[in-house]
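Taking it in order: structure first as structure tokens, then the write-up.
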Amino acid sequence: MSIYDTLNREQKQAVTTVDGPVLLLAGAGSGKTRALTHRIAYLIGEMGVQPWNVLAITFTNKAAGEMRERVDELVGFGADQIWVSTFHAACMRILRRYIDRLGFDNGFTIYDTDDQKTVMKGICKRLDIDTKTYKERMLLASISSAKDKLIGVREYELGAAGDYQKAVCAKVYREYQETLQKNNALDFDDIIMKTVELFKSCPEVLDSYQERFRYIMVDEYQDTNTAQFELIRLLADKYRNLCVVGDDDQSIYRFRGANIRNILDFEKYFPEATVIKLEQNYRSTQYILDAANAVIGNNEGRKDKALWTDRGAGNRVHFRQFDNAYEEAEFIAGDIARKVKKEGAHYKDCAVLYRTNAQARLLEERMILEGMPYNVVGGTNFYSRMEIKDILAYLKTIDNGRDEVAVRRIVNVPKRGIGPATLDKLEDYAQLHDISLYEAMRQADDIMGVGRTAAKLRPFVQLIEDFRRRLAEPEDTEKPAIAELIGEITKRIGYEEYLRDYDDNDEDRMENVAELINKAVSYRESHETESLTEFLEEVALVADIDNVDGNDDRVLLMTLHSAKGLEFPNVYMAGMEDGLFPGFMAIASDDPQEVEEERRLAYVGITRAMNDLTLTYAQMRMVRGETQYNAVSRFVREIPAQLMDNAVPKKYRSEESVLAGLSRLTGAFSKSEPLSKGGTLPKASARPRVSLRPEKTFGAGGVDSLNRLAGVSKGAPVQAPEALDYGTGERVSHVKFGEGTVLKIEREPRDYKVTVNFDKAGQKIMYASFAKLKRV
DNA sequence: GCCTCACACGTTTTT
DNA sequence: CGTGTGAGGC
């Protein structure tokens, strides 16, 4: 009995066809990861291929981690020599070694979307571009899409000739690339593009990697963009042992440049390719699979395939409709609770999938209310939180002084009295002397003479220099670990106090900082040598889905995109409405491809379900403070009625009414009038809707906050309190700062400005109507 | 340089 | 609806 006996015929063929290009068309749930991992085991165990000659590429760290685990089990000795990694991580490894050949320093940093935006803002200012006509987002999008297609600055400029708008983009593109190079930074797209550039300009480097990676496997191949395809093509060009695995029906990243032609035209690029189809589904029951097939069948131009299962009919697809999104959330939470209680399900067996992250909120609130354990994947990435970015910017500055975005971010956090004017002066000086902004700060004394501003910069520069010096110390003497470094930074800059003044979330934020320290500790544990550069790189390349722990017994809430590659016994797809899913943009577009992509997304969602699939619809939904009335999603309507337990109402079945439903009826109906459908759901009107949102606390300020509330709701200016019930020299208490003594009260046109010396928090100046001070 | 208020703007989706 | 940004006062 060998490990290959459990594979079906097609899987076996995929495993044993090791020479030449292979296109493995693997439908959802057809065991493609099994096929891939066994293929790697077969190459090494049966064909005598050296482990280091194997490269397996995935899209997320999570997928890479899972594959690594399974390969380790199957291969045993030498498994750690196999490169199992994401596109980005693999390219980073290559670039760290060779990017100096492209004029970058090997210690370069990675810019995330936030950093890109910051750079772009600066460029628009510098080039005097009107950001009303040319939005930063749009400019970045066109640069990104150019990079996805491997169009460099020069080529872009050539293509822009004669087109004013494009010419502006070209100018911005050039400036953007120059800025990044100056800052010794790459953005996500550069990571791929620069690697291709490296391979094309340094044949000997390419050759060394071709020799190294004689057997290449690519997972989720349908999501590769042109740059990624070119990268793979170059690497595989010598030995042509390339096995790509994908499903054109699950291609959902067109918006990010994924080129579906890569999979559809694979046989054109590699005419000698063996094509193998995996069509047996091991995941879902028949009803679910039939529904999936029915929906995806509406797409044109797909590779012909039909999934089948021997798991039996199973349950019909559940369809439930609700008056509004609150009831939808209530039902989903309730249904999960019922499954856990009555059917012995675990929370972690249930996932709620939706189109947009914004939908998570209502669901989350409902689950909090029910005390149900849940986990939201995505939304705001941990590493894009303000406090994390601040700390990382300190680390980046210590690590790479050329990263101007990082330096600018923190030079005045916490406040050091260094404003834009000072930075401009420094910037000019830096440009003139061809040095970095940070270097200019180090020389600040020479620039502005004995000006006060130079003195303000000194402690900052000293702080950074101090940490740099200590990091340069030899190992196991004085050199601090990254975790210690973070702790010391926060302490020395007084970050906790800064956060306390910043807003009311200081406790959450400090917890996040603590979490970052945890991550630094676990980084140290999983690596033999600690490198700040490497730590920052790992941190830059994590996706939200990477942090999902499948062992936690919690309901998972995530977007349909995040759900790709996962499976759950019970799946809820919420917000099945035309206008939301498929999205408004896709419907309005005259490019039918857009709705097709949404349909593939629906297909991905449906095929996540193993046993139970529930689709929900809300007639009324608040979107950005506006009430929308939508028709039942066309994707629900594409599922034959006999596969579902509830019929889609007639009114949504004809095309006409669907179109009518599409138009937004804001204002046409009274918003306060609940659209109750008679006696079907009597509790709808009785339930206090407001209670679902966490109530905002206005502190103990009594009259003052009431004044504020009343004032705000009428849109009138805030009224100054008639008189204060405390005076100079008296003791007062504050919600955040505790007790203190009033030093000064100043009358201002609209308010009183009160200076208080707090026992613990020190001296603060605040406005009476906001501070909610109470006499003690 | 800092702080406040007013308003404009946005949503797909993410390595 | 919530956030982020820019103008104007202090």
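Letters A, B, ... are given to chains in the order of the sequence lines, protein chains preceding strands, and every chain is numbered from 1.
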Subject >> For atom CG of A:Asp546 and atom P of B:dT15, their distance in whole Å >> reply: 7 Å

Atom pairs, protein N/O to nucleotides 8-12 of chain B N/O, distance under 3.5 Å:
unit_1, atom_1, unit_2, atom_2, d
B:dT11, OP2, A:Arg137, NE, 3.1
B:dT11, OP2, A:Arg137, NH1, 3.2
B:dT12, O2, A:Arg355, NE, 3.3
B:dT12, O2, A:Arg355, NH1, 2.3
B:dT12, O2, A:Arg355, NH2, 2.0

**OP:** Determine, for A:Glu577 against A:Arg621, whether the closest basic-nitrogen to carboxylate-oxygen distance falls under 4.0 angstrom.
**Re:** yes

Original post:
When you compare B:dT13 with C:dG4, how far apart are their C1' atoms, in angstrom units rounded to a whole number?
Top reply: 22 Å

**OP:** Would you indicate what A:Phe581 reaches in the nucleic acid, counting non-hydrogen atoms under 4.0 angstrom: base, sugar-phosphate, or nothing?
**Re:** nothing

Original post:
Looking across every strand, which nucleic acid part, if any, lies under 4.0 Å from A:Asn61 by heavy atom: base, sugar-phosphate, or nothing?
Top reply: nothing

Original post:
Choosing from B:dC2, B:dG1, B:dT14, which nucleotide comes nearest the side chain of A:Arg256?
Top reply: B:dT14

Subject >> Separation of B:dT14 P from A:Leu566 CG (nearest whole Å) >> reply: 13 Å

Original post:
Reckon A:Phe188 touches a base, only the sugar-phosphate, or nothing at all at heavy-atom distances under 4.0 Å?
Top reply: base

Subject >> Ion pair check, A:Glu534 and A:Arg96, cut-off under 4.0 Å >> reply: no

**OP:** May I ask you to check whether A:Asp115 and A:Thr118 show a side-chain donor-acceptor distance below 3.5 Å?
**Re:** no

Original post:
Are A:Thr356 and A:Gln359 linked by a side-chain donor-acceptor pair shorter than 3.5 Å?
Top reply: yes

Original post:
Between A:Gln222 (side chain) and A:Ile260 (backbone), is there a donor-acceptor pair under 3.5 Å?
Top reply: no

Original post:
A:Thr422 has a side chain; which of B:dT15, B:dG1, B:dT14 sits nearest to it?
Top reply: B:dG1

Subject >> Taking every non-hydrogen atom, the tightest pair across A:Ala63 and A:Thr58 >> reply: CB-CB, 4.0 Å

**OP:** Establish, from distance only, whether the side-chain atoms of A:Asp114 and A:Ser384 form a donor-acceptor pair under 3.5 Å.
**Re:** no

**OP:** Would you kindly give the CZ-to-C1' distance between A:Arg600 and B:dT13, to the nearest whole Å?
**Re:** 13 Å

Nucleotide N/O to protein N/O under 3.5 Å, stretch nucleotides 4-8 of chain C:
unit_1, atom_1, unit_2, atom_2, d
C:dT5, OP1, A:Lys121, NZ, 2.7

Subject >> Atom-to-atom span, CG of A:Asp189 to C1' of B:dT15 - whole angstrom >> reply: 9 Å

Original post:
What is the distance from CG of A:Asp115 to C1' of B:dT15, rounded to the nearest Å?
Top reply: 15 Å

Subject >> Sugar-phosphate, base or nothing in reach of A:Ile418, heavy atoms under 4.0 Å >> reply: sugar-phosphate

Using residues 248-258 of chain A as the side-chain source, report each donor-acceptor pair under 3.5 Å to any protein atom, sequence neighbours left out, with the distance given to one decimal.
unit_1, atom_1, unit_2, atom_2, d
A:Asp248, OD1, A:Lys305, NZ, 2.9
A:Asp248, OD2, A:Lys303, N, 2.7
A:Asp249, OD1, A:Arg302, NE, 2.8
A:Asp249, OD2, A:Arg302, NE, 3.3
A:Asp249, OD2, A:Arg302, NH2, 2.8
A:Asp249, OD2, A:Lys305, NZ, 3.1
A:Gln250, OE1, A:Arg608, NH2, 3.2
A:Gln250, NE2, A:Asp247, OD2, 3.0
A:Arg254, NH2, A:Asp591, OD2, 3.4

**OP:** Determine the Euclidean distance between corresponding C1' atoms of C:dT5 and B:dT12; express it in Å to zero decimal places.
**Re:** 23 Å

**OP:** Figure out the CZ/P separation between A:Phe584 and B:dT13, and round it to whole Å.
**Re:** 16 Å

**OP:** Determine the Euclidean distance between corresponding C1' atoms of C:dG6 and B:dT11; express it in Å to zero decimal places.
**Re:** 23 Å

Subject >> Protein-nucleotide distance (A:Met622, atom CE; C:dG2, atom C1'), rounded to Å >> reply: 12 Å

